[in-house]
Amino acid sequence: MDYALERFTAEVTQVLVATGRVPANLIELTTPKPNIPADLALPMFKAAKELGQPPPRLAAELAAAITLPPDSLIGAVTAVGPFLNFSMHPERLAAAVVSEIQATGVNYGHQDDGAGHRIVVDYSAPNIAKRMHVGHIRSTIIGQALVNIYRTLGYAVVGDNHLGDWGKQFGVVLASVERDGKPSAQGEAALEALEAQYARYAAAAKEDPALDEHARLWSLRLEQGDPQARALWQWSVDLTMSAAQRNYDRLGVHIDHAYGESFYEPMLAGVIQDALTNGAAFRDAEGAVVVENLEHLPTFLIQRKDGGTLYMTRDMATILFRVREFQPTQIVYVVGEPQSLHLRQLFALVRTMGYTTTSELIHVAFGTVFDGEGQALSTRRGNMIYLETLLDDAVSRARAVVERKSPDLPEAEKNAVAEAVGVGAVVYNDLYQDPKRNITLDWERMLSTDGNSATYLQYSHARCRSILRRASEDGGASADGDLALLTHPSETRLLKHLARLPEAVREAGARYAPFVIADWCYTTAREFGVFFEQCPVLKADSPALRVARLALVAVTATALKNGLGLLGLKAPERM
RNA sequence: GACCCCGUAGCUCAGUGGAUUAGAGCGCUUCCCUGCGGAGGAAGAGGUCGUGCGUUCGAGUCGCACCGGGGUCGCCA
């Protein structure tokens, strides 16, 4: 797909080369800052140095030497000091952008960059027998946005939910269920009860060695595949996943696989042996398997002295499996920043072991969530926030706003809008900025309905749709439109920005940064807001202009909806 | 002690070497409803880009050092 902006860039390069005065390898085009009235610029510093001329003179000479082909997307070429500036041709830009969005529709923004490549994205990763909390929320939301972005770029994407479904703590889980029974509640409430049982049992076991021993026994039975232990474990997995699924459905999250840590149990002896054979690791005097001096990283273990395996061991096996099963060009881990050392060690180890000769390993790290007092959210502190209650709370607040702003909507639609707006606010809170930053949970900021907020984006879309609804109710004068009439400055700005979606998707993918899409959506909404204020659509000066503006409104709605979809946000028709 | 992330307006954030004036939102001060959704639009005040040295024709952007905040560091995940 050659989008208008790409054709424009290609044309600029072409006309520059055609002058014969500047070699192609010295042409590095840049996008000028917004206050510069141009769409593409060539800074002449490098070329001027190479050719032994002052930059401004070279710029002026090139400007004079360039000839534009007929019907060029380039509207103007001007030398400004040491810069050679290129502007788009407004009329042709309008025609090109509107018609390409009309033609591609829901696929506007798609690329085929990723054709033939597969990416595995590891995200969400809830712990079994526990509720999903803020950490999982970030991973889930950022991960799903990345999955959407890579699919749009044409990659085959495999999402994998790396469940925390294994480890010593399951001995306590099973023992506590045996002692206290299964909770009767539903959804996350059932998990909450299970967490409480767990805590009670763990506390009691500290006092009573018999209980502790009993838990260890359950742990052992589970690892040895005892049917009763296995069945109880499976029950806890199912309970957790059905609660998680309700949240996933609300968030528009779909994860292809959920192998989980337990899946890799049979491979663990093999990867430890591989590391020993390869020489990356050695067995120390006490029997633990140690990795030392690897790329100047701190020493770490891949097997305990008692023979037990570790998180690291399972992660090694996970990579081996993913490489064999999917042959990905990349494996992307959407995991909290505190685990960055762990992942650096893991990546370095499997690299030296030769597990990943063709797969690049990427850690998309996200920061920690703090409460209003600047305390990290934690179960122990009692300030933890859980996904289901977070969503419910946000939706009920949104419901109150809908009631106030749109009392005339049917009840069912009010509820649907509140769900879209409330959930959207939670999602956007994790996507509007660089994930590396720590974030403070600020309800006011998160649920704000103006400025750079999910609601503002959804509202802008709804306004577009509202105009289009009214236009079709009018029946409208069925005049022929002329897209070349869209030359008002606010129209041109909006059009130029709409043309940037494909490039924004590309940048978001290259930087593992959904906020690039969020930024694009926000600027789209702003540019539309200005246009809406300055350019009457239904009461445009002429029927032809009205038709052209309706087309612009329609493609704005389409493009904005696509952008919102990449982030996992719904775009209601009314709100 | 070592290593990782962050430091830009009162607050939350964009800005990944280039152009008199470093951009948004929130908050604050004013405007705009005889035009399509005011969950909007316009204008204004508000900045030693943590500090210093360096690299470069050019640094918020790259390097080094320091300061401040967050985090991690062999038998948890």
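Every chain is numbered from 1 and lettered A, B, ... according to where its sequence line falls, protein lines coming before strand lines.
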Annotated protein contacts, base or backbone, on nucleotides 20-37 of chain B with a non-hydrogen cut-off under 4.0 Å, one of B, S, - each: ----SSS--------BBB
The residue, Val402(A) or Phe83(A), whose nearest nucleotide of RNA chain B is more 5′ is Phe83(A)
For Val401(A) and Phe515(A), find the nucleotide of RNA chain B closest to each by heavy atoms; which residue's nucleotide sits nearer the 5' end? Phe515(A)
Any side-chain N or O of Tyr456(A) less than 4.0 Å from the OP1 or OP2 oxygen of G41(B)? yes
Should Lys168(A) be listed as having a side-chain N or O under 4.0 Å from OP1 or OP2 of A77(B)? no
What is the distance from NZ of Lys436(A) to P of C13(B), rounded to the nearest Å? 14 Å
Across the strands shown, which category fits Ile36(A) at heavy-atom distances under 4.0 angstrom: base, sugar-phosphate, nothing? base
Taking O4'-C1'-N9-C4 for purines and O4'-C1'-N1-C2 for pyrimidines, is C66(B) syn (within 90° of 0) or anti? anti
Suppose we define a pair by two distances each less than 3.5 Å, Watson-Crick or G-U wobble; what does U61(B) pair with here? none
Would G63(B) be called syn or anti here, given the cut-off of 90° from 0? anti
In terms of ring plane angle, is the pair Tyr333(A) and Phe347(A) parallel, tilted or perpendicular, where the classes change at 30° and 60°? tilted
Please give, in whole Å, the distance from C13(B) P to Met446(A) CE? 14 Å
What's Ala365(A) touching, base or sugar-phosphate or nothing? Going by heavy atoms closer than 4.0 Å. nothing
Quick one: are Leu84(A) and Leu16(A) in side-chain contact, heavy atoms under 4.5 Å? yes
Heavy-atom donor-acceptor pair, Arg381(A) side chain to Ala376(A) backbone, under 3.5 Å: yes
Considering every strand and a 4.0 Å limit on heavy-atom distances, what is the contact class for Glu337(A): base, sugar-phosphate, or nothing? base
